[in-house]
Structures are given as C-alpha cells and as structure tokens.
Amino acid sequence: MISNQEAAKFIREIGEFLEMKSIPFKPRAYEKAAEIIEGLEEEIAGIYNKGGLKALEDMPGIGVSIAEKIEELIKTGKLKYHAGLKKTIPVDLESFRGVEGLGPKTIFKLYKKLGVKNLKGLELVIKLGKIAKLKGFGQKSEENLKKGIAFVKKGGGRFVLGDILADVRQIENQLKKLKEVEKLIVAGSTRRRKETIGDVDILITSKNPKPIMDYFVKMSGVVRVTAKGVTKSAVKLKNGLDVDVRVVPEESFGAAANYFTGSKDHNIALRERAIKLGYKLNEYGLFKGEKRIAGKTEEDLYQALGLVYIEPEMRENTGEIELAEKKKLPKIIGYNDLLGDLQIQTNWSDGGNSIEEMARAAIKIGLEYILITDHTKRLAMARGLDEKRLKKQGEEIDAVNARLEREGIRFKILKGTECDILKDGSMDLSDEALSKLDIVGASVHSYFNLTEREQTERIKKAMQNPNVDIIFHPTGRIINRRDAYPVNMDELIKEAKKTGTVMEIDAYPDRLDLKDEYIRKCVEAGVKMSVSSDAHSYVHLPYLEYGLSQARRGFATKDDIINAWPLEKMLSFLKDGKKKY
DNA sequence: GCCGTTTTCGGCCCGACTGTTTTCAGTCG
C-alpha cells in the first residue's frame, strides 16, 4: 500500500513538472495538496478505503482531479499523468531535493541545455565547467550550486533546537549590545520552538541599520556571507547554521515579527483572512488601501483580524486560527508553571550526580518536588537497580528528605523508578517492590524491532499493571538519529485513558517524546501528561524548558500536565486514576 | 487545480535579494 510520503512525492513532482512548463497556478495547487497529504496523521489509503473518492475530495486542497490521481496511486501504485510528464522531462527531481537555489525552472534549463537528469549529472557538468558558460548563469551560479550540493551531501542541515539555542541566545545578546539596535527578537522556527530548526531569523528595529549589518556579517563564527543588503543580510556560521537578520521600521515591528515567525502556512492563512476582510497583509502591516490599520504589535494585528492573540508555538495552521476566531484557544501552560520533575537519574545508575545534588539543583531552579527514577536491572549497562538496591536507595532518599526538612527547606524527593518494560510487557521489578514506590515510570529500552502489533500490546500490558503510573518517552525516538519504534499511538492513548496512565513528555532535547501531534491527541482524549527532564546530571534540569515548548506546541494547559500541580493533588490523582481502573 | 460571507467563474500571498541582466526571472521564506 502506498504511504503518505510516496503519494505526496508523486503529487509534488507533478507540480514541479508543471512549474517547469511555466503553467500558472496549477503548480501551487499540487504543492499544497502534497503538503496536506504529507502532514496527515492518518494513512491516505485508509481514508480512501473508508470513504472513497468523496473522502479524498473533502480534504482541503484536494479536489476532483487530484483525488482521482490519489485513487489511481492507491489502486495501482502508479500514476499515468506523472509518468507522461516524466517521459517528456526525464529528470530525477528527488535527487535535487534540498539544493539551495535550485528550483524547477533551473533544473529544467539544465536538462534542456546540458542534458542534466540528476544530481550526479549536475556534479559532472560543474566539474567540466559547463555551467558558467550557459546563458543566464555565471561563475557565481556555479559556485553556489557547488556549495549547495556539498551541504545537502553533508546531511541536510536541520539542527536540534536544544543543541543550538544557547548559541542563538549568544548572538542575540551580542546584537542587543549595539546602540543602533532598538527592538530585537529571534523569530522563525526558533520562536515557534520547533524541535528542529533549519535557520535562525532575527528581527530588529533601527533608525540606522548599516552599522548593524556591518557588524552582523563580521561576527565571530561567520564563515560565509550569503546576502548583504540595507534591510536584510544572511550569514552561515561555522557550525553550518544559517542566520538571517532583517531590519524593519518600528511601526511595522508587529507585522514583521508575525511574518518572520511563521509558520508559512499560518501566515498564508492570515493573509487570506486579511483579503477576505478587505485588507492586505504583508510584513509591513495590515493595510486598508494605502492606510496602515495595524501591525505595530502582534497583538493589534491579531485583533484587527478579529482574532485573539495566538502564541508562537501554536502557529502552524492546524486549527489555531479557527479557535482564535471563536475565542476558544486554550490557555497553554507557561514556562514557569512546573512544580516538579518526574524523571531524574542519579549516580545510583547512569546519572552523574547524587540524589542530594540533584535535589539541591532542583531547589535552585524553583521546583518543589522531584521523582528519582534510576534504571532497573535489565539495563545492566546503566547499572540498573534490583529490588535490593532500590530498597537501599529508598533509605537514602528518606535521609536526604530529613536533612532538607531540618534546614527548613520545603521540598520533597519522591521514590520512583524507570522500570524496564520487558519484551512480553511485564515489568523488570516485582510488583511488591513497585507497589512501595511513590510513582512508577515504565519505559521501553530494548526490542525496538517488534511489529507494531507486538510493540503496542507490550506497552498496553505495562499500562495495565496497577503499579505503573507513567510511560516514559513513549515512542522511543531520538531526533536525527533513530525513528520511533512502530507502535499504534491512538491505541496507546486510548489505553492510557482507560487505565489512568500518564504519558510523559520527555524534555531531553533530542527526544521530545511525546511529540506535539501526540500531545494534542492526549489533550483531546483527556489523557494527562508529565513534562520531565530525564536529567542524567544537574546541568540537564533546564531541559524542562524544551519539554514545556513541546507541551505548548501540543496545546496542553496546566491542567493537562500533572507536575504543574501541587504535590498532594498530583499524588492523589495518580492513586485514584489507577484505583478506578 | 482549487475554492467560495465579492461563490460555479475568476481569482490565486507577497516582498527582498541574487545574479544575471541592462529590466528581470528565479528562489526563498
């Protein structure tokens, strides 16, 4: 059966072929449809099997013509229209994907003039020095293509937010020190807190932008200047990160902030809304004819469009605009709302610090409680605890709690575990040992290659254990390194609801597991979640911020996140939830 | 090709920058 990715690829390529032929408007329609298909959570083949052509046509951006093409793809795995186009222009579009500055028109020109059909062919003609001699091309175009190819081959270049946010904040602070800089924000996917970001967009207001641009392109760490103008410059840093700076007039700051924060889909939806209301929206403001009616702040902009303010993390055009229109946007959890951290490893297993060190670090960042969750014996590599050592650890926790109390510190260390879920769904520790803990977390660390059915049953069985309170990092993915294990999340969420089990949002920067779309599903299903750092050292505690970003992207409120609740409320919720089951 | 509070035809987001041109096409966000 054809996957959403594959179907989207066919549709997108049709758009690109039509673009090569300079056919107006159709390319956009195909591109849009491809994006819709790619973004679907459900399998398109499943949608078709359930509801037929009609169900496809009912999707936004997909009409009769594209629906029929999808039908053909699902039924035959092939698409005649696509094949016909590819026959007349036999280029491997996929191979060029991601090369900067190389769009359909250029690919077409290279094919017609030089017979280039794929990336390899392009590399060859570059080597032969044929590009620069082509009409419309020059030395620079050849250089840029070369660099673009090298970059793609190096691995695409999306950065894990948590890996580069510190660098970004440093640049931010450097620029803020310039006296010409008035207002400054980091916009783009960084502001939306996407789990990975492609580049960084910085927005500045200034009456005298030239010195800012001069400074920016010479900042330490800059290896290449890709654009330098009066209002826009762009550089590449040593670590491969692209950073753009834009200078905008003060009165346009809100509109520009909105525009450069994106997402692109959110912006397009806002612009279409503006047009419907008889306005025009661009990065300089909201205009009625020639007159600017809003755009100094984002708040006034949304208001003028008849919307309540939408937090950056929610701006993905996945329903937030409709909710804002009806004033039904949820009040998402804030960055200071956590009272505890429910996943912390110590030097009892593979952590770097003692229980007391972790506790004192948590106190310092304002938390009121933590749960100690060292690994269990199956993870021998991590010096996992058996029942005996777990009992001993409990004694140490009691001792540290007593010490803190004597010092008059209001703080509680809870006894817990990150218990391995074994292959058959049973627990790595005895029920007796688990029942003595305050909170039990359970997680998968082995047999990632089970079938979806087996993996789903395995985790469901863990949820059915009356001692298990939270499923840690429920999908096991590591961003940029390892995909989630195959598992049916809808079924797990249903089972979590049924059994009163909490799902974790692991805040470790390359985990962020659950991801935003699953968080939203939990919110909708009324399944509670925890946001935890998974800290293996006290320096990891600030990772909670990334978990909160993810929770906000998933529309979670304080009410959805149990460690935003006072200790007693949280503990009694966990007890009751499992008892009912 | 898609869409609809200007609806079943006639619009489709919009501006900056680059590299090549010598007024603009292509790409990007």
Side-chain angles (χ1 to χ4, degrees), chain A residues 11-12 14-36 56-70 81 96 98-110 131-145 147-148 187-190 192 197-203 209 213 225-235 242-248 252 255-256 258-287 306 317 325:
Chain A
I11 299 299
R12 173 172 290 119
I14 289 176
E16 287 165 335
F17 283 128
L18 297 177
E19 175 85 40
M20 291 178 187
K21 298 174 172 229
S22 295
I23 290 167
F25 304 115
K26 291 189 186 187
R28 275 290 299 150
Y30 279 101
E31 188 198 335
K32 216 171 155 185
E35 270 167 29
I36 301 271
L56 297 179
E57 282 172 43
D58 281 348
M59 293 163 51
I62 294 175
V64 182
S65 173
I66 293 182
E68 281 172 355
K69 292 185 175 69
I70 296 170
Y81 184 53
F96 296 112
V99 177
E100 201 177 337
L102 187 58
K105 291 270 172 67
T106 310
I107 293 173
F108 188 46
K109 232 185 266 173
L110 291 170
I131 296 276
K133 296 193 189 102
L134 226 52
K135 195 172 172 225
F137 291 79
Q139 272 307 320
K140 278 271 172 105
S141 341
E142 182 177 312
E143 258 321 289
N144 285 339
L145 282 173
K147 282 175 184 160
S189 48
T190 313
R192 300 202 315 282
I197 64 171
D199 59 10
V200 174
D201 301 290
I202 298 175
L203 202 63
M213 293 307 193
V225 179
T226 44
K228 187 174 181 240
V230 186
T231 63
K232 180 190 168 177
S233 294
V235 300
D242 288 311
V243 184
D244 293 7
V245 159
R246 288 265 191 162
V247 175
V248 297
S252 302
N258 188 257
Y259 176 76
F260 290 108
T261 296
S263 67
K264 194 178 166 194
D265 288 344
H266 179 87
N267 289 348
I268 290 174
L270 286 186
R271 285 187 181 200
E272 283 168 354
R273 184 178 178 85
I275 290 168
K276 262 182 220 157
L277 295 169
Y279 307 142
K280 186 181 80 166
L281 177 61
N282 59 28
E283 59 261 55
Y284 296 109
L286 183 67
F287 295 88
N317 195 30
E325 184 177 29

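Because only heavy atoms are used, hydrogens play no part in the values below, and waters and symmetry mates are left out as well, while side chains stay in. Every chain is numbered from 1, with letters handed out A, B, ... down the list of sequences.
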Can you tell me if [X] touches the phosphate of [N], counting only side-chain N or O atoms and a distance under 4.0 Å to OP1 or OP2?
X         : N       : answer
Thr231(A) : dC17(B) : yes
Asn267(A) : dC13(B) : no
Tyr284(A) : dA16(B) : yes
Asn282(A) : dG15(B) : yes

query = Does Ser233(A) use its side chain to pair, donor to acceptor, with the backbone of Met213(A) at less than 3.5 Å?
reply =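 Not confirmed, Ser233(A) side chain does not pair with Met213(A) backbone.
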query = So, Ser189(A) side chain and Arg192(A) main chain: donor-acceptor pair closer than 3.5 Å or not?
reply =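 No.
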key: Nucleotide of dC14(B), dC2(B), dA16(B) approaching Ile66(A) most closely (side-chain heavy atoms)   = dC2(B)
request  = Look at all strands and tell whether Met20(A) reaches a base, only sugar-phosphate, or nothing, counting heavy atoms closer than 4.0 Å.
outcome  =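 The residue Met20(A) makes no contact with any strand.
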query = If we require ring centres under 5.5 Å and near-parallel planes under 30°, does Phe25(A) stack on dC12(B)?
reply =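 Stacked: centres under 5.5 Å apart, planes under 30°.
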Interatomic distance, [X] [atom1] vs [N] [atom2] [rounded to whole Å]:
X         : N       : atom1 : atom2 : result
Arg273(A) : dC3(B)  : CZ    : P     : 19 Å
Met213(A) : dA16(B) : CE    : P     : 13 Å
Leu281(A) : dC14(B) : CG    : P     : 9 Å

ask   = DNA chain B: Val230(A) or Pro60(A), which has the more 5' nearest nucleotide?
value = Pro60(A)
request  = With sequence neighbours left out, write down each residue that passes salt bridge (charged side-chain N to carboxylate O under 4.0 Å, His left out) with Arg271(A), or none if nothing qualifies.
outcome  =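 Here the qualifying residues are Glu283(A).
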By ring pair (Phe, Tyr, Trp, His ring centres under 6.0 Å) - contacts of Phe17(A) (at least two apart) = His82(A)
request  = Report the residues that fulfil side-chain hydrogen bond (donor to acceptor under 3.5 Å, both in side chains) with Asn317(A), sequence neighbours left out, ordered by chain and then residue number.
outcome  = none
inquiry  = Taking side-chain hydrogen bond (donor to acceptor under 3.5 Å, both in side chains) as the definition, give me every residue that meets it alongside Lys21(A), ordered by chain and number, with sequence neighbours left out.
reply    = none
query = For dC2(B), what is the paired nucleotide under Watson-Crick or G-U wobble rules, both distances under 3.5 Å?
reply =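 Here dC2(B) is engaged in a pair, and the nucleotide opposite it is dG11(B).
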Provide a list of protein-nucleic acid N or O atom pairs under 3.5 angstrom, restricted to nucleotides 27-29 of chain B.
unit_1	atom_1	unit_2	atom_2	d
dT27(B)	OP1	Gly103(A)	N	2.7
dT27(B)	OP1	Gly103(A)	O	2.9
dT27(B)	OP1	Thr106(A)	N	3.0
dT27(B)	OP1	Thr106(A)	OG1	2.5
dC28(B)	OP1	Gly101(A)	N	2.7
dG29(B)	N2	Tyr259(A)	OH	2.4
dG29(B)	N3	Tyr259(A)	OH	3.1

key: Euclidean distance for C1', dT27(B) against dC13(B) (whole angstrom)   = 15 Å
query = Which ones in residues 132-141 of chain A lie close to DNA chain B, meaning a heavy atom under 4.0 Å from one of its atoms?
reply =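 Here the set is Gly136(A), Phe137(A), Gly138(A), Gln139(A), Lys140(A), Ser141(A).
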